[in-house]
Trainee: 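Sharing a structure with you now.
Scope of the values below: all heavy atoms of this structure, side chains included, with no hydrogens, waters or symmetry mates.
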Amino acid sequence: ADGRALVNGVEAPAGELAERLSALYAGRTDKTIFLEADRALPHGRVVDLMDDVRAAGVVRIGVVTKRGPGPPEPLADREPRNYVSFLSIV
């Protein structure tokens with residue numbers, strides 16, 4: 001786990017997360033994102049990214065969990081819906 005942030009499976013370079021999310025959520029009425037993080041990451045890294053998410057105007061953060069070690073499942077292996085965004089921290 002190196003703490004990289006992925007928005008809907010696409011890496012958001014350090015310092016660009018809030019800007020990218022602001023653009024993504026600008027026209028949305030539902031300001032919800034689902035967050036999943038590698039359990040090996042320091043708690044502080046996750047909290048920092050949650051702060052960035054809130055700064056971007058997202059008002060609800062759902063936490064996705066899974067049992068067992070390892071990074072989050074790649075977004076490509078899911079069936080994303082156009083109204084749902086995922087923030088993965090790997």
Trainee: Please report the closest heavy-atom contact between S88 and E36, naming both atoms and the distance.
Mentor: OG-OE2, 3.1 Å
Trainee: Please determine whether side chain to side chain contact (heavy atoms under 4.5 Å, CB included) holds for the pair I89 and D38, giving the CA-CA distance in whole Å, both sets of side-chain angles, and the decisive distance to 0.1 Å.
Mentor: CA-CA 6 Å; I89 312 165; D38 189 308; over 6 Å; no
Trainee: If I compare all heavy atoms of A56 with all of A18, which pair ends up nearest, and what's the gap?
Mentor: CB-O, 3.4 Å
Trainee: Looking at every heavy atom in both K31 and A26, which two are closest together, and how far apart are they?
Mentor: NZ-O, 4.0 Å
Trainee: Sequence neighbours left out, what passes side chain to side chain contact (heavy atoms under 4.5 Å, CB included) with A55? Give chain and number order.
Mentor: none
Trainee: Just by distance, do the side chain of N8 and the backbone of F86 share a donor-acceptor pair under 3.5 Å?
Mentor: yes
Trainee: Is there a side-chain contact between Y25 and V58 in this structure, where contact means two heavy atoms from C-beta onward sitting under 4.5 Å apart?
Mentor: yes
Trainee: Run the side chain to side chain contact (heavy atoms under 4.5 Å, CB included) test against E11 and tell me which residues pass, sequence neighbours left out.
Mentor: R4, L6
Trainee: Side chains of I61 and M50: does their closest heavy-atom pair fall under 4.5 Å?
Mentor: yes
Trainee: Which pair of heavy atoms, one from G3 and one from R45, lies closest together, and at what distance?
Mentor: O-NH2, 2.6 Å
Trainee: Evaluate whether atom CD of E19 has more than 12 neighbouring non-hydrogen atoms of other residues, nucleotides or ligands under 6.0 angstrom away.
Mentor: no
Trainee: With distance as the sole test, does R60 use its side chain to make a donor-acceptor pair with the main-chain N or O of I33 at under 3.5 Å?
Mentor: no
Trainee: List for me each residue that meets side chain to side chain contact (heavy atoms under 4.5 Å, CB included) alongside V47, sequence neighbours excluded, and say none if there are none.
Mentor: H43, D51
Trainee: With a 4.5 Å heavy-atom cut-off, do L41 and D2 have their side chains touching?
Mentor: no
Trainee: With a 4.5 Å cut-off on side-chain heavy atoms, are V53 and L35 touching?
Mentor: no
Trainee: Taking all atoms of both residues into account, what is the closest heavy-atom pair of A12 and V7, and its distance?
Mentor: CB-CG2, 4.2 Å
